[in-house]
Engineer: 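Handing you this structure, nothing more for now.
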Amino acid sequence: MLKESKNTSTKTAYLILDGTTYELPVIVGTENEHAIDIQKLRAETGYITFDPGYGNTGSCTSDITFVDGEQGILRYRGYPIEEIATSGSFIETAWLLIFGELPTRTQREDFRNLLSEQELLHEDQRHHFEGFPSKGHPMAILSAVINSLGCYHPDLLEIENENEFERAAAKIISKVRTIAAWSYRKSQGLPFMYPNPGLSYCQNFLHMMHSIPHKPFEPSRAEVRALSLFFTLHADHEQNCSCSTVRMVQSTQANLFASVSAGICALWGKLHGGANAAVIDMLRHLRDGDLSIPEYLDKVKSKECRLMGFGHRIYKNFDPRARILRLAAHDMLKDREIDDPLLEIAMELQEAALNDEYFIERKLYPNVDFYSGIILRALNIPVNMFPVMFAIGRMPGWIAHWWEAHRKGVSRIHRPRQIYTGPVNKKYIPMDERN
Ligand code: ACO
């Protein structure tokens with residue numbers, strides 16, 4: 001039961017349990033989202049709520065990102081993603097997410113300089129890469145080496161002011177590129193390329209990925225722009241699994257390096273950041289295997305597998321990031337004069353799924369991962385690096401959420417409850433008496 005309270009513009013929810021009525025306050029967000037505040041529910045009623053997967057649970061209030069899944073709206077700090085994607089850069093977006101405002105020219109340049117200062121790894125960190133097997137997955141390497149930054153910067157384990165936070169944030173956003181590129185170089189047996197402070201954020205990453213000694217890789221403007229767009233569109237998405245993981249780890253008062261390292265682990269799974277690689281595997285399977293698109297969709301509908309890159313917990317309409325990336329993928333391939341058959345298959349698959357009752361009924365639309373792999377392929381990024389690319393892009397969002405929670409200082413340690421369904425009060429049986 002939810003009804004307007006008599007003398008205020010806010011609402012109150014009423015819960016009737018065992019004949020007693022309880023009043024539950026209602027919180028309203030700036031975009032008119034409503035939540036029933038149950039913080040005192042257990043203390044007052046003895047009941048808890050049951051919400052596996054947290055689909056109906058607000059774990060915090062946040063000023064960072066707004067998503068309206070019904071209408072397909074995404075805004076960073078109030079700015080529509082479409083405008084940011086057209087006019088902004090990844091570095092500007094990172095600043096916006098973390099500090100709350102679009103940077104002035106001076107702030108952006110200072111931040112760029114700070115990132116350039118921080119791009120080198122401590123030389124001892126080179127040895128970490130030697131210790132990993134050459135077939136080691138780059139997500140495992142990324143998570144481990146990001147966490148190890150805490151060993152090299154112990155002064156930043158306890159962040160006490162904005163200055164220290166900015167330094168820690170810049171270290172992660174800058175070094176994550178170097179670590180990611182080196183994890184790839186290690187897997188290929190290629191020499192590590194040091195970052196070049198004369199290059200922009202995205203140019204520098206592509207240089208560390210693809211240059212070889214005495215032969216610098218010089219990406220086109222379109223390639224740099226496409227990478228910046230990819231990172232920008234992945235920069236934040238409010239309380240998804242990896243962001244919530246970062247906030248959960250932060251709630252123990254763990255440091256920034258450990259918290260974002262945990263975020264990388266949460267992102268890895270193929271229902272989340274690993275989906276971009278799974279989409280390419282699926283498209284290759286359709287290109288090379290003997291299943292037609294309708295046959296493949298039949299397998300999906302009989303629940304043998306999922307249509308990767310489709311569906312979203314929040315979006316029940318088009319994911320606005322997918323719209324932007326679909327156009328960008330077309331532009332990118334046209335610009336590079338590449339004919340990627342996987343894009344054709346993706347288009348056919350999307351068309352078939354969007355016209356199929358199974359997907360219509362469940363409101364399943366392409367998500368950000370459906371087209372992102374096409375762009376990454378055109379940038380010669382290998383498939384096992386796709387979730388790593390997602391992690392580089394998502395870093396500003398995780399950092400912004402960590403800082404918001406740290407600064408507000410209001411969050412209790414995250415500790416959900418459960419409904420216990422196991423055996424009840426059994427008597428211990430000594431070893432000799434067991435069958
Ligand atoms: N293919 C086929 N069926 C699907 C898909 C899919 N991709 N996604 C959801 N469904 C079906 C479910 O089987 C379920 O059907 P049912 O009602 O018959 O049981 C119904 O749609 C609801 O699905 P849920 O699993 O309850 O949806 P949820 O919100 O928990 O999952 C998720 C969201 C994980 C993204 C899901 O849609 C999925 O697995 N998609 C494929 C993986 C993917 O692309 N992940 C990337 C997400 S975006 C991101 O993380 C950046």
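Read the numbers this way: they start at 1 and go in the same order the structure lists the ligands and their atoms.
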Engineer: Salt bridge or not between Arg323 and Glu82? Use side-chain N to carboxylate O under 4.0 Å.
Structural biologist: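 The answer is no: the pair does not qualify as a salt bridge.
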Engineer: Do Arg177 and Tyr201 form a cation-pi contact, if we require the NZ or CZ to be under 6.0 Å from the six-membered ring centre and within 45 degrees of the ring's axis?
Structural biologist: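 Yes, a cation-pi geometry.
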Engineer: Can you find an N/O atom of Asp369 closer than 3.5 Å to an N/O atom of ligand 1?
Structural biologist: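 Min N/O separation from ligand 1 is not below 3.5 Å for Asp369.
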Engineer: Would one find an N or O of Gly309, backbone or side chain, under 3.5 Å from an N or O of ligand 1?
Structural biologist: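 Among all N and O atoms of Gly309, at least one is under 3.5 Å from an N or O of ligand 1.
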Engineer: Within a distance of under 4.0 Å, is there any protein heavy atom near atom 49 (C) of ligand 1?
Structural biologist: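 Yes.
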Engineer: For atom 27 (O) of ligand 1, is the nearest protein heavy atom closer than 4.0 Å?
Structural biologist: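 Under the 4.0 Å cut-off, atom 27 (O) of ligand 1 has no protein heavy-atom neighbours at all.
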Engineer: Considering only heavy atoms of Val300, which atoms of ligand 1 have at least one such atom less than 4.0 Å away?
Structural biologist: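 Answer, ordered by atom number: 1 (N), 2 (C).
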Engineer: Do the numbers put Arg362 on top of the ring of Tyr358, so that NZ or CZ is under 6.0 Å from the six-membered ring centre and no more than 45° off the axis?
Structural biologist: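 Satisfied, under 6.0 Å and within 45°.
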Engineer: Out of Lys363, Lys316, Lys303, indicate the one that has the non-hydrogen atom closest to atom 16 (P) of ligand 1.
Structural biologist: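 It is Lys303 that holds the nearest heavy atom.
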Engineer: Give the atom numbers and elements of ligand 1 that come within less than 4.0 Å of a heavy atom of His272.
Structural biologist: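 That gives atoms 46 (C), 49 (C), 50 (O) of ligand 1.
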Engineer: Could you tell me whether Arg336 and Glu223 have a side-chain N and a carboxylate O separated by less than 4.0 Å?
Structural biologist: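 The answer is yes: the pair qualifies as a salt bridge.
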Engineer: What do you reckon, are the aromatic ring centroids of Phe310 and Tyr365 less than 6.0 Å apart?
Structural biologist: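 Ring-ring flag for Phe310/Tyr365: false, centres at least 6.0 Å apart.
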Engineer: Work out which heavy atom in Arg77 is nearest to a heavy atom in Ile98; give both atom names and the distance.
Structural biologist: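 The answer is NH2-O, 3.8 Å.
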Engineer: Under 4.0 Å from a heavy atom of Val368: which atoms of ligand 1 are those, numbered in the order shown and with their elements?
Structural biologist: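 Checking each atom against Val368, I get 51 (C).
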Engineer: Look at atom 40 (N) of ligand 1 and say whether a protein heavy atom is found at less than 4.0 angstrom from it.
Structural biologist: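 Yes; the ligand atom in question has protein heavy-atom contact below 4.0 Å.
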Engineer: Does ligand 1 come near enough to Leu271 that some N or O of the ligand is less than 3.5 Å from an N or O of the residue?
Structural biologist: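 Yes: some nitrogen or oxygen of Leu271 is under 3.5 Å from one in ligand 1.
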Engineer: Dump the intermediate steps for ring pair (Phe, Tyr, Trp, His ring centres under 6.0 Å) on His237 and His312, then the final yes or no.
Structural biologist: CA-CA 12 Å; His237 210 244; His312 198 277; 5.3 Å; yes
Engineer: Taking 4.0 Å as the limit for heavy-atom contacts, which would you say applies to Phe390 with ligand 1: side chain only, backbone only, both, or neither?
Structural biologist: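 Side chain only; the backbone of Phe390 stays clear of ligand 1.
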Engineer: Going by heavy atoms, is Tyr358 under 4.0 Å from ligand 1?
Structural biologist: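 Heavy atoms of Tyr358 do come under 4.0 Å of ligand 1.
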Engineer: Angle between ring planes, Tyr184 versus His210, binned at 30° and 60°: parallel, tilted or perpendicular?
Structural biologist: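 Rings of Tyr184 and His210: perpendicular, as their planes differ by over 60°.
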Engineer: Regarding ligand 1, does Leu307 bring an N or O atom to under 3.5 Å of one of the ligand's N or O atoms?
Structural biologist: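 Such a contact does occur with ligand 1.
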Engineer: Out of Arg362, Lys299, Arg306, whose heavy atom sits nearest atom 24 (P) of ligand 1?
Structural biologist: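 Heavy atom nearest to atom 24 (P) of ligand 1 belongs to Arg306.
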Engineer: Decide yes or no for Ser372 and Phe390: does some side-chain heavy atom of the first lie under 4.5 Å from some side-chain heavy atom of the second?
Structural biologist: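 No, too far: nothing below the 4.5 Å cut-off.
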Engineer: Could you list the atoms of ligand 1 found under 4.0 angstrom from a heavy atom of Ala275?
Structural biologist: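 Atoms satisfying the 4.0 Å criterion: 43 (C), 44 (O), 45 (N), 46 (C).
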Engineer: I want to know if ligand 1 touches Arg321 in the polar sense, i.e. an N/O pair below 3.5 angstrom.
Structural biologist: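 N/O-N/O distance under 3.5 Å: no.
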Engineer: Would you say Gln350 and Tyr371 make side-chain contact, with heavy atoms under 4.5 Å?
Structural biologist: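 With C-beta onward as the side chain, the pair touches.
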Engineer: Quick one: is the NZ or CZ of Arg126 closer than 6.0 Å to the six-membered ring centre of Trp182, and within 45° of its axis?
Structural biologist: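 Output yes; distance and angle both within limits.
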Engineer: Between Phe310 and ligand 1, is there a nitrogen or oxygen pair with a distance under 3.5 Å?
Structural biologist: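 Yes: some nitrogen or oxygen of Phe310 is under 3.5 Å from one in ligand 1.
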Engineer: Out of Leu364, Asn240, Asn367, whose heavy atom is nearest to atom 9 (C) of ligand 1?
Structural biologist: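 Going through Leu364, Asn240, Asn367 one by one, Leu364 has the nearest heavy atom to atom 9 (C) of ligand 1.
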